[in-house]
2 protein chains.
Amino acid sequence: MATRAAPAPTSTPAELSATDALAQLSFLIHGTLERRAAEHKLSMIQTRLLGVLRDRTPSVNELAKLLLLDKSSVSGLVDRAERRGLVTRVRSTEDRRAVLVSLTDAGRSLVASVSGQFEADVAAILEGLPRSDRQALSRLVGRVLVAHASDHGVDLFG
Amino acid sequence: MATRAAPAPTSTPAELSATDALAQLSFLIHGTLERRAAEHKLSMIQTRLLGVLRDRTPSVNELAKLLLLDKSSVSGLVDRAERRGLVTRVRSTEDRRAVLVSLTDAGRSLVASVSGQFEADVAAILEGLPRSDRQALSRLVGRVLVAHASDHGVDLFG
DNA sequence: TATTGTTATACTCTATAACTATA
DNA sequence: TATAGTTATAGAGTATAACAATA
């Protein structure tokens, strides 16, 4: 956990390894989204569900693969989101076993709020750096992501 | 959520804003720890509990503040960790209402494993960069952390 | 009276197994 | 038979409220 950054996020030592620094920043940013979502009574998994649905109308089965959950877990997740009026279920006409899940207007509006606030939060965290440093950071992190993706057979720019 | 990095982590576009890049990397790193912990049948919160206990023997009340949980939640958390032999409870002699929680040898060993593997994972992710770039990244992220901490009244280097 | 910790209760989240209805 | 989805069940994790023991 990069010394104590993850399980026990603590103070920032004068000297940080790149590993420690990245771990600490990651938990800071993750926690930021968690808090924003909680303000809207959303858990992280409900937030991810809404996020996934922004540009898709997947079946329960496809959702299970996207969210790395069992289909029964997705069933319950969608139940609770549906009860709150955030998503709807529609029986597929092509395969009448399948159920397609999509955002309601309320769901779309909610995920847009959380999303916007989170982006602003991250931007605010980065405001500690002058613009040229932000660009340098962006370039370096972009390279890490590209390298990691290619190591894992992910198709970038697809 | 930095476009779709958080709720719907997807591909890496050719051009990433610093915000998007940081968000994507953060969720990559957080997910890395989550997977490592899960291999040891540890949830994130159990992992954080063990992490906090590495250099402390706090009361249940203090744990609740450190983990940002209600004391009743901590009570259950410690119950389950104790049942697995990872932590022990000792009644405080100074204040006989208080219960002090500490790691067992098994708990300490387990958290060391997860910690070590996670650090190696993050280091591996960073290996996509040449050493000079890693140093630059570390310096930039360190500055972000310092700036954020000072904005929030956190005492660094304490 | 105030504080520490536990317990009772209720809800979310998760998986496994069994079931229904399609294919 | 195989697949899609739901339901029953069990357990972790969380909070609120009520309680016992100690301060």
Side-chain angles (χ1 to χ4, degrees), chain A residues 7 30-31 34-35 37-53 56-102 110, chain B residues 7 30-31 34-35 37-53 56-102 110:
Chain A
H30 190 275
E34 211 161 21
R35 271 190 302 282
E39 287 173 8
H40 297 274
K41 308 285 186 198
L42 286 176
S43 64
M44 284 296 273
I45 187 62
Q46 286 285 346
T47 306
R48 289 218 298 147
L49 170 63
L50 301 187
V52 159
L53 294 179
R56 269 167 284 216
T57 300
S59 67
V60 168
N61 217 19
E62 288 162 349
L63 269 178
K65 282 165 193 153
L66 288 165
L67 300 174
L68 301 178
L69 291 175
D70 188 85
K71 57 188 177 165
S72 67
S73 303
V74 172
S75 207
L77 218 49
V78 170
D79 279 349
R80 292 183 290 274
E82 197 176 26
R83 225 180 291 143
R84 283 179 64 177
L86 303 176
V87 307
T88 51
R89 275 189 240 246
V90 176
R91 196 107 232 163
S92 168
T93 49
E94 302 192 353
D95 180 342
R96 302 226 328 274
R97 296 170 300 179
V99 171
L100 305 180
V101 182
S102 60
L110 182 56
Chain B
H30 191 274
E34 211 161 21
R35 271 190 301 283
E39 288 174 7
H40 296 276
K41 308 284 185 198
L42 285 176
S43 65
M44 284 297 273
I45 188 60
Q46 285 286 346
T47 306
R48 289 217 299 147
L49 170 63
L50 301 188
V52 159
L53 294 178
R56 271 168 283 217
T57 299
S59 68
V60 168
N61 217 18
E62 289 161 348
L63 269 178
K65 282 167 193 152
L66 288 165
L67 300 175
L68 303 177
L69 291 175
D70 189 84
K71 57 187 178 164
S72 66
S73 302
V74 172
S75 209
L77 217 49
V78 170
D79 280 348
R80 292 183 290 274
E82 197 177 25
R83 227 180 288 143
R84 286 179 61 178
L86 303 176
V87 307
T88 52
R89 281 173 157 105
V90 175
R91 196 107 233 163
S92 167
T93 50
E94 301 193 353
D95 181 343
R96 302 224 331 272
R97 296 170 299 180
V99 170
L100 306 179
V101 183
S102 59
L110 182 56

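Keep in mind that the numbers below use all heavy atoms, side chains included, and drop hydrogens, waters and symmetry copies. Chain letters run A, B, ... following the sequence lines, proteins first, then strands; residues in each count from 1.
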Tell me whether the OP1 or OP2 atom of D/dT22 has a side-chain N or O from B/R96 closer than 4.0 Å.
-> yes

B/Q46 side-chain N/O to D/dG13 phosphate OP1/OP2 under 4.0 Å = yes

Phosphate-side-chain proximity, B/R91 and D/dT22, N/O vs OP1/OP2 below 4.0 Å = no

Within the distance-only criterion (no hydrogens, no angle test), does the side chain of A/R89 pair as donor or acceptor with the backbone N or O of A/L100 below 3.5 angstrom?
-> no

So do the side chains of B/L77 and B/L63 get within less than 4.5 Å of each other, counting heavy atoms only?
-> no

Report yes or no: do A/N61 and A/S59 form a side-chain donor-acceptor pair below 3.5 Å?
-> no

Which of the following nucleotides, C/dA2, C/dT12, C/dA23, is nearest to the side chain of A/R83?
-> C/dT12

What heavy-atom pair brings A/R80 and A/Q46 nearest, and what distance separates the two atoms?
-> CB-NE2, 4.0 Å

Give a yes/no answer on whether the side chain of B/S75 brings an N or O atom under 4.0 Å of OP1 or OP2 in C/dT6.
-> yes

Whole angstrom is fine here: how far is it from CG in A/L67 over to P in D/dG5?
-> 13 Å

Choosing from D/dG5, C/dA17, C/dT14, which nucleotide comes nearest the side chain of A/N61?
-> D/dG5

To the nearest Å, how far apart are B/D79 CG and C/dT6 P?
-> 7 Å

Phosphate oxygens OP1/OP2 of C/dC13: is one of them under 4.0 Å from a side-chain N or O of A/S43?
-> yes

Please tell me which of the listed nucleotides, D/dA12, C/dT6, C/dT16, lies nearest to the side chain of A/D70?
-> C/dT16

Rounded to whole Å, NZ of B/K71 lies from C1' of D/dA20 at a distance of 11 Å

Is the shortest side-chain N/O distance from B/R80 to OP1 or OP2 of D/dG11 below 4.0 Å?
-> no

